[in-house]
Structures are given as C-alpha cells and as structure tokens.
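Remember, it's 1-based here, ligands and their atoms both numbered in the order they're listed. Predicted model, so just to flag it, every value in this text is computed and none were measured.
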Amino acid sequence: MPGRTVYLETFGCQMNELDSELVAGRLRELGYAFSQDPAAADVVLYNTCSVREAAEQKVWSRLGDLKQRKHDEPNLVVGVLGCMAERDGAALMDRMPVVDLMVGPAELDKLPALLDNAVRTRESLNADAPERISAKLTALQGSASRRSATLAAAEDTLELLDLSRSVSPVDAPAPGTGRTSAYVRITRGCNKFCTYCVVPFTRGAEIHRPPEHIIDECKRLAGAGVIEVTLLGQTVNHYRYEHGAAVSLGGVLQPQKGRTYNGSHHRDAFAGERVTTFAGLLDRIHEEVPAIRRLRFVTSYPRDFGNDVLEVMRDRERICRYLHVPAQTGSDRMLKMMNRGYTVAEYDEFLDRARSYLDEPEKGRPLMVSGDVIVGFPTETDADFDATVALVERSRYKNCFIFKYSPRPGTVAYDKIPDDVPDEVKRRRNNELLAVQARVSGAISAEQVGRTFEVYVEGLSKKSRKSAGATSGAIRRAGSVMLTVAGREPGVAVAEAEPAELEGTVQLSGRTDGDNIVFFDADASEAERLVGTIVPVRVTAAHHLSLHGVRL
Ligand code: SAH
Ligand code: SF4
Ligand code: F3S
C-alpha cells in the first residue's frame with residue numbers, strides 16, 4: 001500500500017538477493033518506501049533460506065524478536081518470503097503467529113497483492129484484540145506439485161516479475177553513483193535431487209528463461225550503467241532453450257523445462273540455430289551487449305560442462321576466468337550416496353580440462369576456481385574425509401565454502417539415512433578442512449604477486465570505512481557492492497545517502513576477473529570516481545584471502 005515503509009532482509013544465496021531486488025523494485029513502483037531500520041518500518045519482510053538448519057534458525061530468532069513489537073504495534077505486518085516459506089508452509093504460521101503472510105519463491109509475483117491485502121486487514125483490526133482476528137495469507141506452490149504439472153500457468157506470471165525489473169532510476173541515480181554490478185537469472189529451480197538438498201523442493205523444477213528475455217535484460221542493465229553481470233542458475237551450465245518448442249502466452253515467451261543430459265563433452269549435436277545452448281547464450285550476451293565488461297556465472301555443475309563453453313570462455317575476452325564448481329566430497333562412496341551423478345575422477349578431469357583451456361597466468365588471466373564441500377554426510381568415515389582433504393588440496397580452489405551436513409526434512413537423506421556423524425566430528429572435520437583451504441588460498445594468493453590485473457572497484461575497504469568514521473550513508477555512497485555488504489536492502493536508492501567526507505588517502509577494494517579481492521590506495525578526491533570502474537592494479541603483497549597492490 002502506498003505510503004507504507006518496508007524493511008526487507010535477505011538470507012541465503014544470490015538467487016534470493018536477486019528475488020529481493022525484483023520484489024523491492026515492484027513495491028517501490030507501487031509507492032512503498034524502504035528503510036534499513038526495521039524499527040522504522042510498517043512492514044517487515046524476511047526473504048529466507050532453508051538450505052541448512054542454521055539458516056532457518058536466524059529467521060526464527062528474528063521472528064521471535066518481533067513478538068513483543070507486534071503486541072505493541074498490532075498494525076505491523078510481518079512476511080516470510082522465499083525458501084523457508086515454501087518448505088515450512090502453514091507449519092511456520094502455527095509456530096510463529098506473528099507472521100501475517102508467506103510467499104514461496106515461485107509465487108513472488110503475488111507479493112504486492114498479498115501485502116496490500118495484509119496491510120488493509122491489519123489496519124481494520126480492533127487494536128485491542130488483534131489475536132481474535134486471523135487473516136493469514138499465503139502463496140505457496142506446495143512441494144508436492146513441483147512445477148511440471150502447471151508449468152505454463154505458474155511461469156506466466158513469474159516470468160513477468162523478472163521482465164518487470166526496474167533498472168532505472170534507482171539503479172543509476174547519477175553517473176558515478178549508480179550500481180554497476182547485477183545478477184541476471186537464466187535458469188530457475190533444479191532437477192538434480194542431490195539427496196541432502198532442499199532446493200529442488202523450494203524452487204521447483206528446472207526451467208530455462210528465453211534467451212531474448214535474458215539478453216534484453218542485460219541490455220537494459222547495461223543501458224543503466226551496469227558493467228558486470230553474473231548469470232544465475234543452480235546448474236547454470238545446463239542452460240538450453242529450444243526455439244522450435246517455444247511457447248508464447250499472452251504475448252510473453254515462456255520459459256522451458258529442463259532436459260536430461262548425456263554427459264558429453266562435445267558440442268551439442270542438435271545445437272543449431274534452433275537451440276540456444278549455454279555456450280551460445282554466453283556468446284550472444286558477449287557479442288550483443290559489449291558494454292558488459294565482465295560476464296560471469298554461478299553455479300556450475302561438474303557434469304555436462306562442454307568444451308564448447310570452455311572455448312567461448314577462452315575466446316571471448318569479457319567472460320571472466322572464474323568457475324564456482326562444487327565437488328561436495330572427495331569420496332566416490334559419498335558422491336554416490338549424495339546422488340551427485342559424477343565420480344571423483346570425472347570431477348578431477350573437468351578441472352584439468354577447464355584449466356587446460358582457461359588458465360593463462362602469463363596473460364594476467366589465471367583461472368580461479370571456487371568450491372563447496374559438505375563434511376559429515378551420513379556414514380562419512382575418516383577415510384572418506386581424508387579423500388575430501390586430498391581433493392581440496394589438489395583442486396587448488398581460490399576459496400571453498402565448507403559446510404557441516406545439516407539434515408533437511410523432506411530430502412531423501414533425511415528420510416533414509418540417519419545423521420550418524422556426531423556434531424563434534426563434523427566440527428573437527430570442518431576446522432581441519434578450513435585450515436587446509438587456508439593454506440591453499442594463501443599459496444594461490446602468493447602466486448599472484450607481481451602480476452597485473454584489471455580490477456573492478458567496488459568501494460571503500462572496510463578499513464577505510466572505519467577510519468573515515470563512515471556512516472551507513474557514506475558506506476552506501478561508496479559504491480554498489482556495499483549495498484549487499486552493509487545494508488541488506490537490495491537496490492536501495494544510492495542517491496538518498498549523504499555524501500561522505502573523505503580526505504587524504506583511502507583504501508579501495510575491488511575484484512579481479514577471477515574474483516580475487518584486491519586492496520589498493522587512492523586519493524580521496526578520486527575515490528568516488530573510481531568506484532564502479534575497472535582499473536589496472538599491480539599486486540605487491542598477498543594475504544590468504546586478499547591481494548594488495550598499486551594502481552598503475
Ligand atoms: N546448486 C549448487 C548448490 C546450491 S546449495 C550445486 O549443486 O553446486 C549451496 C551449497 O550448500 C551446496 O553446494 C552444498 O555444499 C551446501 N548444502 C546444500 N544442502 C546442504 C545440507 N543439507 N547440509 C549442508 N550443506 C548443504
Ligand atoms: Fe541442490 Fe544438487 Fe540442485 Fe545443487 S544441484 S541445488 S546441491 S539438488
Ligand atoms: Fe537457500 Fe533457497 Fe538459495 S534454500 S541457498 S535461498 S535456493
């Protein structure tokens with residue numbers, strides 16, 4: 001409802017960050033204001049993640065904190081969006097009566113209507129007896145339905161949410177102050193059903209957006225000043241769109257269901273003009289939207305990653321030499337139990353192949369790889385764990401996210417395999433692996449010393465923000481990515497922030513095209529101009545997760 005103020009906090013993966021941005025854009029167009037302070041908001045929304053129990057616990061605790069406030073301010077509207085809403089369904093409302101509305105990730109297009117309804121309902125309550133009135137609103141897919149049965153009907157409106165993305169003026173309020181980095185979704189959902197994972201249930205079946213929509217979105221973002229685009233999908237390299245089978249509904253081209261893959265490394269035999277493969281999509285974006293100076297994608301699945309993609313990455317200079325390609329474990333027995341569909345040897349082969357195409361340190365373009373690992377999956381022995389340690393050592397990840405296995409209700413592992421690795425063992429393995437990865441990261445960083453990289457400048461480093469005594473306004477003023485670091489409100493109008501008073505020399509931070517973090521000094525007077533641009537930096541020193549250098 002116009003005039004209301006919303007606080008929106010995002011948990012979980014980049015998909016959720018993008019969803020929050022799209023939702024915030026829609027609500028802003030409808031006249032809602034946004035605040036970074038929950039206490040100042042009439043509407044508190046959490047866009048949630050279910051991937052591990054710890055992620056859900058954060059939200060439970062936020063909701064618990066709202067109990068008293070809801071009692072004092074009965075008009076407050078509380079909404080749970082995203083994967084937790086979808087997974088927990090009505091049980092969440094029973095457990096947490098403060099929640100007025102829940103919207104799953106596949107139904108976010110319905111949020112404006114539900115929110116409007118919720119605000120009106122709360123305001124028509126008798127404030128003395130709010131508990132008498134129950135007006136709970138939900139828009140959930142229901143895990144059981146997955147999306148296949150009602151694909152067209154569900155997608156029609158969801159695709160419109162992506163299509164309605166507002167890229168201006170919020171994203172580019174003025175030259176030099178706008179956001180210059182953005183996510184673009186190419187695939188929704190997941191068909192993999194790894195036995196530990198909730199995502200196929202919360203996000204539904206895998207579907208691919210029409211290339212025309214993706215390219216058009218990239219063009220619009222580029223037009224608004226964006227120079228770095230990260231394409232999103234759970235198994236992003238599985239992207240495939242068959243034009244012959246394209247369906248239009250109400251004049252809108254529809255996304256297509258994902259297919260199964262044959263695991264071939266070779267060019268897709270059927271990929272002619274009628275099919276846009278992932279390689280083809282990358283190529284088209286690179287060629288048709290040259291203003292995007294950095295094109296990257298996450299998350300890659302270690303299987304079905306064709307040489308055609310590696311060739312495009314090698315031959316197109318604005319595609320980043322970066323892959324996030326989780327192995328999950330170094331034990332074949334565990335991979336099988338996880339239903340990952342590849343062997344350790346196949347994983348190793350993929351990394352070798354990727355490096356043989358893309359690792360060109362002498363040209364300032366080493367291939368950087370990051371990974372994910374789960375420790376303590378049921379029945380994991382010391383020998384399985386040792387195999388994971390060995391994999392992490394030889395994979396030479398720039399960085400690796402290490403997770404303790406968390407049993408998720410509804411998954412095959414939860415139902416069929418008891419969570420029998422004690423937490424203490426999980427913790428020990430987690431710490432051991434962190435130490436191994438820290439050594440690997442340190443060695444990789446050290447190799448970068450003396451090299452010169454093109455660095456995409458994201459903003460003031462934390463150190464500079466502190467020493468400048470920067471307010472949150474100043475942080476936001478400093479640049480795009482600070483939006484995600486500092487505030488959790490996506491796409492907030494940067495122009496609302498007070499200009500920062502900076503003097504002398506400041507430290508800026510940015511990233512190489514391989515996603516290495518780089519710090520370098522700049523004069524305060526030029527700092528603002530540099531944010532959001534790409535500058536050459538020679539690396540002079542290394543720490544295990546960051547590089548330090550001088551601007552050339
Ligand atoms: N689609 C991506 C992963 C998305 S989930 C892929 O397959 O690579 C992000 C990461 O969370 C996973 O890579 C996995 O390492 C971790 N994860 C997922 N479910 C988990 C669980 N139940 N317990 C612990 N970690 C989990
Ligand atoms: Fe989850 Fe596996 Fe799909 Fe990744 S590929 S989202 S881990 S089911
Ligand atoms: Fe979490 Fe859902 Fe992403 S479970 S990791 S927010 S897809």
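- Heavy-atom contacts of Q234 reach the following atoms of ligand 3: 7 (S) (cutoff under 4.0 Å).
- Coordination check, C190 versus atom 2 (Fe) of ligand 2: failed, since every N/O/S atom of the residue sits at 2.8 Å or beyond.
- The main-chain N or O of V440 is never found under 3.5 Å from a side-chain atom of Y397 such that the two would form a donor-acceptor pair.
- Below 3.5 Å of separation, one finds no N or O of Y301 facing any N or O of ligand 1.
- In the vicinity of C49, heavy-atom distances shorter than 4.0 Å reach the ligand 3 atoms 1 (Fe), 4 (S), 5 (S), 6 (S).
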| said: As a quick check of understanding, evaluate salt bridge (charged side-chain N to carboxylate O under 4.0 Å, His left out) for D386 and R429, giving each step before the final call. | reply: CA-CA 9 Å; D386 290 347; R429 289 178 183 165; over 6 Å; no
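- Listed by atom number, the atoms of ligand 1 under 4.0 Å from K404 heavy atoms are 23 (N), 24 (C).
- Ligand 3 places these atoms under 4.0 Å from at least one heavy atom of C83: 2 (Fe), 4 (S), 6 (S), 7 (S).
- Counting protein heavy atoms only, atom 9 (C) of ligand 1 is closest to D372 OD2, 3.8 Å.
- Of the protein's non-hydrogen atoms, the one nearest atom 4 (S) of ligand 3 is S50 N, 3.3 Å.
- Checked against the 6.0 Å centroid criterion, the rings of Y239 and H208 qualify as a close aromatic pair.
- When only non-hydrogen protein atoms are considered, atom 7 (S) of ligand 3 lies nearest to R203 NE, 3.2 Å.
- Taking a 4.0 Å cut-off on heavy atoms, R203 fails to register as neighbouring ligand 2.
- Remark: minimum distance from atom 3 (C) of ligand 1 to any protein heavy atom is reached at Q234 OE1, 4.0 Å.
- Taking the six-membered ring wherever Trp is involved, the centroid distance between the rings of Y301 and H238 falls below 6.0 Å.
- Using a 4.0 Å cut-off between heavy atoms, K192 makes no contact with ligand 1 at all.
- Each of the following atoms of ligand 2 lies closer than 4.0 Å to a heavy atom of C197: 1 (Fe), 6 (S), 7 (S), 8 (S).
- Residue R408 has no N or O atom closer than 3.5 Å to an N or O atom of ligand 1.
- A cation-pi contact, defined as under 6.0 Å to the ring centre and within 45° of the axis, links R296 to Y322.
- Put simply, the side chain of N237 gets close to the backbone of R303: a donor and an acceptor are under 3.5 Å apart.
- For ligand 1, the atoms lying closer than 4.0 Å to a non-hydrogen atom of Y405 are 23 (N), 24 (C).
- Of all the heavy atoms of F193, the ones lying under 4.0 Å from any atom of ligand 2 belong exclusively to the backbone.
- Close approach to P200 involves these atoms of ligand 2, each under 4.0 Å from a residue heavy atom: 8 (S).
- Residue-to-ligand polar distances place R52 within reach of ligand 1: an N/O pair is separated by less than 3.5 Å.
- The shortest N or O to N or O distance between S300 and ligand 1 is not under 3.5 Å.
- With respect to atom 7 (O) of ligand 1, the closest heavy atom belonging to the protein is R340 NH1, 3.0 Å.
- Protein heavy atom in closest approach to atom 15 (O) of ligand 1: Q328 OE1, 2.7 Å.
- Rounded to the nearest 0.5 Å, atoms NZ (K404) and CG (N431) are 8.5 Å apart.
- Nearest non-hydrogen protein atom to atom 5 (S) of ligand 1 is V51 CG2, 4.0 Å.
- In terms of protein heavy atoms, atom 2 (Fe) of ligand 2 is closest to C194 SG, 2.3 Å.
- At a heavy-atom cutoff of 4.0 Å, ligand 1 is contacted by the side chain of I374 but not by its backbone.
- Shown in contact with C13 at under 4.0 Å from a heavy atom are these atoms of ligand 3, numbered in order with element: 3 (Fe), 5 (S), 6 (S), 7 (S).
- Nearest protein heavy-atom neighbour of atom 23 (N) of ligand 1: S406 N, 3.0 Å.
- Remark: side-chain polar atoms of D88 are not paired, donor with acceptor, to backbone N or O of A85 under 3.5 angstrom.
- More than 12 heavy atoms of other residues, nucleotides or ligands shown are found within 6.0 angstrom of OH on Y357.
- Geometrically, R52 engages F403 in a cation-pi contact, judged by NZ or CZ lying under 6.0 Å from the ring centre and within 45° of the ring axis.
- In this structure, R428 does not pair ionically with E424, as no charged nitrogen and carboxylate oxygen lie closer than 4.0 Å.
- Using a distance-only test at 3.5 Å, with no hydrogens or angles considered, a donor-acceptor pair links the side chain of Q256 to the main chain of E242.
- The distance from atom CG of N307 to atom CZ of R353, rounded to the nearest 0.5 Å, is 4.5 Å.
- Here D513 pairs with R365 in a salt bridge; the nearest charged N to carboxylate O distance falls below 4.0 Å.
- For atom 4 (Fe) of ligand 2, the closest non-hydrogen atom on the protein side is R340 NH1, 4.2 Å.
- For ligand 3 and N16, the ligand atoms under 4.0 Å from any heavy atom of the residue are 6 (S).
- For ligand 2 and Y196, the ligand atoms under 4.0 Å from any heavy atom of the residue are 7 (S).
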| salt bridge (charged side-chain N to carboxylate O under 4.0 Å, His left out) evaluation trace for D419 with K426 | CA-CA 11 Å; D419 176 26; K426 286 183 187 165; 2.9 Å; yes
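- Donor-acceptor pairing under 3.5 Å is recorded for the side chains of N47 and S20.
- In this structure, the ring of F350 has its center no less than 6.0 angstrom from the ring center of Y342.
- Counting only distance, with no hydrogens or angles, the side chain of R318 and the backbone of H286 share a donor-acceptor pair below 3.5 Å.
- Ligand-side atoms of ligand 2 in range of V199: 6 (S), range being under 4.0 angstrom from any heavy atom.
- In terms of polar-atom proximity, defined here as any N/O pair under 3.5 Å, T235 makes no such contact with ligand 1.
- In this structure, atom 8 (O) of ligand 1 lies nearest to the protein heavy atom P326 CG, 3.0 Å.
- Taking atom 19 (N) of ligand 1 as the reference point, the nearest protein heavy-atom neighbour is Y196 CD1, 3.2 Å.
- A donor-acceptor pair under 3.5 Å is absent between the side-chain atoms of N339 and the main chain of T195, judged by distance alone.
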